[in-house]
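Read through the structure below, which is laid out as structure tokens, and then see the notes.
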Amino acid sequence: MKIGILTSGGDCPGLNAVIRGAVLKGIKVHDQEFVGFRDGWRGVVEGDVIDLPRHAVRGISKQGGTILGTSRTNPFEGNGGAEVVKANMQRLGIDAMIAIGGEGTLAAAKRLTDLGLNIVGVPKTVDNDLDATDYTFGFDTAVQIATEAIDRLRTTGESHSRCMIAEVMGRHVGWIALHAGMASGAHAILIPEQQTSVEQIAEWVSTANARGRAPLVVVAEGFVPSHMEQAHSERGLDTFGRPRLGGIADQLAPELEARTGIETRATILGHIQRGGVPTSFDRVLATRLGMAAVDSVRDELWGTMVALNGTEIAHVGFEAALGNLKRVPQHRYDEASILFG
């Protein structure tokens, strides 16, 4: 059996480990053959592939990014469509596809599967917002990168007795902010699931300052203060028509400085959270998911994705992952808020 692998959407630490896990197990155990589509769905629509023999994946699990390239191409727009994809698969002799990506990628994969194509999925998002899986690879790395950066901000904040605001990724959910904020001892954590007033944030900052601390605030890019109706965006729309987020920390800094009298600085971590080498946790999880994906192909579990349930790998339908975003539950935020101020 010949399998095509694609990585689509935003890049993420651990993508190469998925590719390596799938190729090694597929070749050694199932006698499968692999090719990689270049730049996600673009390669699928255009039939642009590279061979993936065993030596091509040697040593790549520790590398960030993806050796296949990625893009935010929609396979149903332009010259795409199910018939084009099916014709390219037949021409290239590809029997099935493994689609590695987030919500947009898996939604496209589900639509193609519903139209008769043989596809299985591997969930990927640093935001950790896909339902039906406890963790997605890349999240642990993003949290580690954010925590290290925030630790560095704390030292300079303490040197100057400043309030430091660190903005991390998190369009709809605040998992990175929650984990990185707790790990770094933040005095306030602001996430999309919880609308908070600037007055309350200023109170937390002032309380920390009164105890002789340099206040530290961690905010997710999708956080909406109580006086705003939607997340801050001033950079237009992305290719899927969604607002490009980023900059809420810059909006909060002067507000907090004016209310507290404490010199305040903002730092936006941005794409640095998605770069670099994956953590050992993400390497292991990604490898296991890649290996499980080729089992899904062997068992013809089309329209399913591999997922982490507890410590075990499970196979769940695309619809289970796409039905709801996995948001930070109230009790997790309440747990963290005990540490604020």
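Keep in mind it's a predicted model, so treat the numbers as computed, not measured.
I248 places a side-chain heavy atom less than 4.5 Å from the side chain of P225. By the 4.5 Å heavy-atom criterion applied to side chains, E103 and L322 are counted as neighbours. Inter-residue side-chain proximity for V218 and I150 is flagged as met; some heavy-atom pair is nearer than 4.5 Å. In this structure, the side chains of D131 and L325 stay at 4.5 Å or more apart for every pair of heavy atoms. I165 places a side-chain heavy atom less than 4.5 Å from the side chain of V219. In this structure, the side chains of V198 and L256 come closer than 4.5 Å at one or more pairs of heavy atoms.
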Just distance, no hydrogens or angles: give the donor-acceptor pairs under 3.5 Å from side chains in residues 180-188, sequence neighbours left out.
unit_1: S184; atom_1: OG; unit_2: A180; atom_2: O; d: 2.7
unit_1: S184; atom_1: OG; unit_2: G181; atom_2: O; d: 3.4
unit_1: H187; atom_1: ND1; unit_2: L216; atom_2: N; d: 3.0

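Electrostatic pairing of E221 and R171 does not count as a salt bridge here, judged by no charged N lying under 4.0 Å from a carboxylate O. The existence of a salt bridge linking E193 and R327 is excluded, since no basic side-chain nitrogen approaches an acidic carboxylate oxygen closer than 4.0 Å. Ion pairing of R265 with E263 is present here, as a side-chain N (NZ or NE/NH1/NH2) and a carboxylate O approach within less than 4.0 Å.
Listed by chain and residue number, T133, Y135, L285, R288, I313 satisfy the side-chain contact (heavy atoms from CB on, under 4.5 Å) test with L308 (two or more places apart in sequence, or in another chain). Every residue two or more places apart in sequence or in another chain that forms a side-chain contact (heavy atoms from CB on, under 4.5 Å) with H30 is listed here: K25, Q32, V294, D295, R298. Take Q90 and apply the side-chain hydrogen bond (donor to acceptor under 3.5 Å, both in side chains) test, not counting sequence neighbours, and it matches no residue. Taking the side-chain hydrogen bond (donor to acceptor under 3.5 Å, both in side chains) definition, one finds that D127 meets it with nothing, sequence neighbours left out. In this structure, R213 has no side-chain hydrogen bond (donor to acceptor under 3.5 Å, both in side chains) partners at least two apart in sequence or on a different chain. Every side-chain hydrogen bond (donor to acceptor under 3.5 Å, both in side chains) that R38 has, sequence neighbours left out, goes to D48. For W302, the ring-ring contact (aromatic ring centres under 6.0 Å, His included) criterion is met by no residue, not counting sequence neighbours.
Side-chain contact annotation: S296 with H315, donor-acceptor N/O pair under 3.5 Å present.
Both I100 and I67 belong to a common hydrophobic cluster when Ile, Leu, Val, Met, Phe, Trp and Tyr are linked at side-chain heavy-atom distances under 4.5 angstrom. Criterion: ILVMFWY side-chain heavy atoms under 4.5 Å apart, direct or through other members. Under it, I98 and V44 are not part of a common hydrophobic cluster. M1 and L117 fall into different hydrophobic clusters, where Ile, Leu, Val, Met, Phe, Trp and Tyr are joined by side-chain heavy atoms under 4.5 Å apart, directly or via other members.
Looking at Q273, its side chain does come within 3.5 Å of a backbone N or O of G270 through a donor-acceptor pair.
Because its NZ or CZ atom is both nearer than 6.0 Å to the ring centre of F76 and within 45° of the ring axis, R111 counts as a cation-pi partner of that residue.
The salt bridge (Lys or Arg N to Asp or Glu O under 4.0 Å) pairs that include a residue from residues 80-89 number zero, where partners must be two or more places apart or lie in different chains. Screening residues 114-123 for salt bridge (Lys or Arg N to Asp or Glu O under 4.0 Å) gives K110-D114 as the qualifying pairs, with residues at least two apart or on separate chains. Within the structure, the side chain to side chain donor-acceptor pair (under 3.5 Å) test picks out the following pairs touching residues 57-66 (sequence neighbours left out): T7-T66. Among pairs with a residue in residues 192-214, those fulfilling ring-ring contact (aromatic ring centres under 6.0 Å, His included) read W204-F340, at least two apart in sequence or across chains.
I272 CD1: 12 or fewer foreign heavy atoms inside a 6.0 Å radius.
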Chi angles and distances behind the side chain to side chain donor-acceptor pair (under 3.5 Å) call for D334, Q330: CA-CA 6 Å; D334 292 342; Q330 185 66 46; 2.8 Å; yes

Steps toward salt bridge (charged side-chain N to carboxylate O under 4.0 Å, His left out) verdict (D11, R274): CA-CA 7 Å; D11 64 302; R274 292 215 307 236; 3.3 Å; yes

Residues T156, M164; criterion side-chain contact (heavy atoms from CB on, under 4.5 Å); working and verdict: CA-CA 9 Å; T156 186; M164 306 300 288; 3.9 Å; yes

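Across all non-hydrogen atoms, the minimal contact from A132 to V316 is CB-CG2, 4.0 Å.
Across V49, V23, V122, a single residue satisfies side-chain contact (heavy atoms from CB on, under 4.5 Å) together with I5, and that is V23.
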